[in-house]
**Student:** 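Handing you this structure, nothing more for now.
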Amino acid sequence: MHWSDVVAQRLSERGSKHIVSTGITPSGEFHIGHLREILTGDMISKAARNAGLDVEFVFIVDSADPLRKVYSFLDDSYSQYIGHQLKRIPPPNEEGCPDMERFAEGVSYADHFLEPFKQALEQIDVRPRFIDNFDSYASGKFAETARIACNNADKIREIIERVSNRELAEDWFPWNPIDSNGSIDGIRITGWNDPIVSWIDSDGNEGTSDVTKGEGKLPWRIDWPAKWAWIGVTMEPFGKDHGAAGGSYDTGKEIVELFSQEAPIDLTYEWISLRGQGAMSSSSGNTIGPLEALSLVPPEILRYLIASTKPNKAIEFDTGMGLVNLADEFERTTARDFSIEMDKEGLSRRQMVAIEDAKRALELSFISPHEETSSVTFRHLAMLAQTKSRDEDVWNSIGMIGTIPQSMIDRLDRMRTWVQSRHFPEELRITIMEEPDSEAIALLDDDNMALLPKLIESLRSCDWEISSIQNSISSTAKELEMSPRHAYRALYLCIMGTERGPRLPTILTELDQDAILKLLNACLQAKQES
RNA sequence: GGGCCUGUAGCUCAGUCAGGUAGAGCGUCGGGCUUUUAACCCGAUGGUCGCGGGUUCGAACCCCGUCGGGCCCGCCA
């Protein structure tokens with residue numbers, strides 16, 4: 001069974017109405033690692049609906065969280081905002097400095113990073129109900145849970161200390177008020193008189209906060225179960241950082257009982273890293289943003305990456321050949337006829353499971369509305385994008401006539417972007433030799449050598465366009481009773497340094513005739529001399 | 001100090017939850033397509049399932065141990 005269906009089954013055992021929740025702190029640029037969180041939730045929701053359950057999918061924007069530190073992409077002037085909630089500080093401008101103008105227009109730090117992520121979500125067909133955590137506090141959504149938490153501070157302290165096996169400070173209290181400067185750091189609680197906490201901040205200023213009005217926030221380990229409670233979350237996937245024993249899920253599981261609620265069903269997923277570069281990290285700049293990824297890869301393939309990988313499997317995102325293989329696997333899977341495969345006799349249980357899983361992974365990958373596309377592979381399109389500058393020629397080449405589906409136009413656009421990007425693998429790049437490549441020349445055999453002089457003559461006199469070039473090559477080969485395939489081999493070795501390659505006449509017409517003849521002669525000479 | 005994930009073909013991985021003669025894709029090699037879209041089709045190649053014990057008629061799978069890789073918690077994420 002596909003992993004999403006396994007979770008759906010667990011959900012159905014518990015009830016028919018569910019809220020699947022995900023959440024991310026907008027502390028910096030979103031990256032594809034975050035996509036796993038949201039796609040995992042999205043796919044579970046879809047699988048659960050598929051199982052006949054009533055499911056709502058929500059995405060909590062943790063905009064009430066404070067700025068932890070001055071990240072590398074921020075100007076030092078942000079140090080004044082450390083400890084301030086992300087919804088209440090200005091967005092960075094191009095230079096990483098606080099952009100007070102946009103802030104005045106109502107764009108917060110949190111909004112700044114959330115907006116592009118929302119666009120990416122649209123593209124990959126994820127449409128959650130967004131919940132802004134800061135606004136939720138402000139509008140009193142946490143009023144009840146905050147009061148319960150403060151009234152049960154001792155119990156919560158006991159849970160956290162026992163489950164996470166760590167000691168909390170003497171003056172620890174389950175509420176972080178906002179101090180006179182707007183920070184929730186370095187503040188000490190001096191009293192609790194439901195629903196008011198009194199505090200003294202690091203500057204010695206004293207004040208009070210009403211926990212029912214969001215004048216502050218619950219600490220993370222309580223904030224999370226409080227969200228479960230007021231939203232009614234029944235299922236939440238989360239990264240392995242929260243899943244560790246004694247981690248926030250373990251403590252949350254017990255704390256949520258104080259709010260008279262059951263902990264949601266959990267699913268811990270592994271991180272996504274960049275191939276050869278380690279974990280994705282917003283602060284080190286070692287990231288690929290969802291929008292950048294989407295400028296290269298069709299959305300259904302990003303979905304397929306998540307859908308076809310079990311959550312507990314770490315993913316190494318590879319923007320080079322790995323991407324090609326993934327995309328081609330997607331194409332092949334799309335072309336499969338699962339009903340015929342399932343009807344085959346003598347299938348082992350494992351084979352059936354594999355077929356089922358592939359089918360489900362594919363279904364979860366399609367974005368709606370699902371358009372029929374040509375089954376051109378990624379490799380093939382990569383080649384076409386390099387050899388045909390006009391889109392029209394690409395469509396003709398793969399037999400698409402009439403109205404081209406938007407998804408195909410997008411795919412070609414992305415391919416052209418990818419070809420020009422630093423991510424495009426050398427292996428697929430079409431390179432034309434300028435000088436004879438000695439290694440390739442060494443591979444020319446006697447037949448090739450016998451052919452070359454005649455071929456050069458024939459190419460010298462032919463019109464430099466596709467059919468004459470093609471004709472010239474095949475007729476020369478026939479003259480010598482050689483297979484055209486073998487004749488092409490000689491040309492590939494001389495021109496591209498490889499034994500095989502993409503359709504050559506097309507490429508030749510885009511190159512200078514004299515230069516090619518010169519190259520072929522040089523190769524001939526080099527071989528004869530060796 | 002505690003915990004999680006992971007180790008299977010040259011590469012990427014499935015198979016481990018419900019033990020029953022090792023799988024897929026890519027790659028490689030060979031053939032076909034009598035002018036090759038790196039296509040497509042057919043075939044072949046390829047693994048003492050990290051290692052050592054145990055349970056079992058039977059273990060990649062369960063149990064114990066061990067080695068290697070990745071990571072998390074131990075800072076009010």
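Each chain gets a letter, A, B and so on, in the order its sequence line appears, and its residues count up from 1.
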**Student:** Between C5(B), C76(B), C73(B), spot the one nearest the side chain of E270(A), thanks.
**Tutor:**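 From the listed options, C5(B) comes nearest.
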**Student:** Answer with yes or no after comparing the ring centroid distance for F117(A) and F113(A) against a 6.0 Å cut-off, counting only values under it.
**Tutor:**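 Centroid separation for F117(A) and F113(A): 6.0 Å or greater.
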**Student:** Under 4.0 Å, counting only non-hydrogen atoms across every strand here, what does F330(A) touch: a base, just sugar-phosphate, or nothing?
**Tutor:**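 F330(A): no heavy atom of the nucleic acid under 4.0 Å.
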**Student:** Mind checking the C1' distance from A14(B) to G47(B)? Whole angstroms is fine.
**Tutor:**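 Comparing C1' positions in A14(B) and G47(B) gives a spacing of 15 Å.
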**Student:** When rounded to the nearest Å, what value does the distance between C1' atoms of C42(B) and U35(B) take?
**Tutor:**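 Approximately 22 Å lies between the C1' atom of C42(B) and that of U35(B).
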**Student:** Determine: side-chain N/O of N312(A) to OP1/OP2 of U6(B), distance under 4.0 Å, yes or no.
**Tutor:**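 N312(A) to U6(B) OP1/OP2: side-chain N or O found under 4.0 Å.
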**Student:** Kindly write out the residues that satisfy salt bridge (Lys or Arg N to Asp or Glu O under 4.0 Å) with D62(A), not counting sequence neighbours, or none if the list is empty.
**Tutor:**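 Expected list: K227(A).
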**Student:** Given the C1' atoms of G58(B) and C40(B), what is the spacing between them in whole Å?
**Tutor:**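 Here G58(B) and C40(B) have their C1' atoms 43 Å from each other.
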**Student:** What's the verdict on salt bridge (charged side-chain N to carboxylate O under 4.0 Å, His left out) for D357(A) and R360(A), showing C-alpha distance, side-chain angles and the deciding distance?
**Tutor:** CA-CA 5 Å; D357(A) 285 359; R360(A) 286 297 282 144; over 6 Å; no
**Student:** Which value, in whole Å, describes the distance between the P atoms of nucleotides G65(B) and C29(B)?
**Tutor:**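 The answer is 47 Å between these two P atoms.
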**Student:** For RNA chain B, whose closest nucleotide is more 5', that of Q470(A) or that of I315(A)?
**Tutor:**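 The residue mapped nearer the 5' terminus is I315(A).
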**Student:** Is the closest side-chain heavy-atom distance between R88(A) and F134(A) below 4.5 Å?
**Tutor:**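 Side chain of R88(A) against side chain of F134(A), heavy atoms only: contact under 4.5 Å found.
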**Student:** Do any of residues 178-191 of chain A sit with a heavy atom less than 4.0 Å from RNA chain B, and if so which?
**Tutor:**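 Within this stretch, G186(A) sit under 4.0 Å of the strand.
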**Student:** Mind checking the P distance from U66(B) to G2(B)? Whole angstroms is fine.
**Tutor:**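 Roughly 13 Å separates the two P atoms.
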**Student:** Round to a whole Å and report the spacing from CD of E161(A) to P of C73(B).
**Tutor:**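 Distance, rounded to whole Å: 19 Å.
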**Student:** As a quick check of understanding, evaluate salt bridge (charged side-chain N to carboxylate O under 4.0 Å, His left out) for R10(A) and E13(A), giving each step before the final call.
**Tutor:** CA-CA 5 Å; R10(A) 282 175 67 200; E13(A) 282 161 11; over 6 Å; no
**Student:** Using a cut-off of 4.0 Å on non-hydrogen atoms, how would the nucleic acid contact of T268(A) be classed: base, sugar-phosphate, or nothing?
**Tutor:**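 Result for T268(A) = nothing.
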**Student:** Which whole number of Å gives the distance between the P atom of U6(B) and that of C64(B)?
**Tutor:**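 So the two P atoms sit 16 Å from each other.
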**Student:** Applying side chain to side chain donor-acceptor pair (under 3.5 Å), name anything that partners R460(A), two or more places apart in sequence or on another chain.
**Tutor:**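 R460(A) satisfies side chain to side chain donor-acceptor pair (under 3.5 Å) with no other residue.
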**Student:** To the nearest Å, how far apart are D266(A) CG and C72(B) P?
**Tutor:**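 Distance, rounded to whole Å: 19 Å.
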**Student:** Pick out which of I38(A), I272(A), I32(A), L35(A) makes a side-chain contact (heavy atoms from CB on, under 4.5 Å) with I306(A).
**Tutor:**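 Result: among I38(A), I272(A), I32(A), L35(A), I272(A) is the only option passing the side-chain contact (heavy atoms from CB on, under 4.5 Å) with I306(A).
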**Student:** What is the separation between atom NZ on K310(A) and atom P on C4(B), rounded to the nearest whole Å?
**Tutor:**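 Going from K310(A) (NZ) to C4(B) (P), I get 18 Å.
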**Student:** I'd like the P distance from A60(B) over to C51(B), given in whole Å.
**Tutor:**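 Result for the P pair: 11 Å, nearest Å.
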**Student:** In whole Å, I'd like the distance from the CZ atom of F238(A) to the C1' atom of G3(B).
**Tutor:**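 Nearest whole value for this atom pair: 14 Å.
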**Student:** With a 6.0 Å cut-off on the ring centroids, do Y269(A) and W3(A) count as close?
**Tutor:**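 They do not qualify: ring centres at least 6.0 Å apart.
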**Student:** Within residues 149-157 of chain A, which residues have any heavy atom lying less than 4.0 Å from an atom of RNA chain B?
**Tutor:**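 Contacting residues: none.
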**Student:** Among C71(B), C72(B), C76(B), which is the nearest nucleotide to the side chain of N176(A)?
**Tutor:**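 The closest nucleotide is C76(B).
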**Student:** Could you state the atom-to-atom distance from CD of E167(A) to P of G1(B) in whole Å?
**Tutor:**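 It is 19 Å, rounded to the nearest whole Å.
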**Student:** For the rings on W175(A) and F142(A), is their centre-to-centre separation under 6.0 Å?
**Tutor:**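 W175(A) vs F142(A): aromatic centres not under 6.0 Å.
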**Student:** Just the rounded figure in Å: distance from P of C76(B) to CD1 of I82(A).
**Tutor:**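 Value for this atom pair: 16 Å.
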**Student:** Could you tell me how far apart E316(A) (CD) and U12(B) (P) are, to the nearest whole angstrom?
**Tutor:**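 The answer, rounded to whole Å, is 8 Å.
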**Student:** Tell me the interatomic distance from K313(A), atom NZ, to G69(B), atom P, rounded to whole angstroms.
**Tutor:**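 Nearest whole value for this atom pair: 17 Å.
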**Student:** Name all residues meeting the salt bridge (Lys or Arg N to Asp or Glu O under 4.0 Å) criterion together with D241(A); count only those two or more places apart in sequence or in a different chain, and write none if there are none.
**Tutor:**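 Residues passing salt bridge (Lys or Arg N to Asp or Glu O under 4.0 Å) with D241(A): none at all.
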**Student:** Report yes or no: do T208(A) and W199(A) form a side-chain donor-acceptor pair below 3.5 Å?
**Tutor:**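 No pair is found: no donor N or O on one side chain lies under 3.5 Å from an acceptor on the other.
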**Student:** Would you please indicate yes or no on a ring centroid separation below 6.0 angstrom for Y81(A) and Y78(A)?
**Tutor:**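 Centroid separation for Y78(A) and Y81(A): below 6.0 Å.
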**Student:** Between R162(A) and E254(A), is there a salt bridge with N-O shorter than 4.0 Å?
**Tutor:**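 Salt bridge present between E254(A) and R162(A).
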**Student:** Nearest nucleotide by nearest heavy atom, which residue falls closer to the 5' end of RNA chain B, K217(A) or I473(A)?
**Tutor:**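 Between the two, 5'-proximity favours I473(A).
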**Student:** Dot-bracket for RNA chain B: what is it, with Watson-Crick or G-U pairs under 3.5 Å, [ ] where a pair crosses earlier ones, and | for a pair to another strand?
**Tutor:** ((((((((.[[[[.)....(..]]]]((((((.......))))))....[[[[[..)....]]]]])))))))....
**Student:** Mind checking D62(A) for me? I need base, sugar-phosphate or nothing, with any heavy atom below 4.0 Å counting as a touch.
**Tutor:**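 Base, at least one base heavy atom under 4.0 Å.
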**Student:** Using the C1' atom in both, what is the distance from G15(B) to U34(B), to the nearest Å?
**Tutor:**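 Their C1' atoms lie roughly 44 Å apart.
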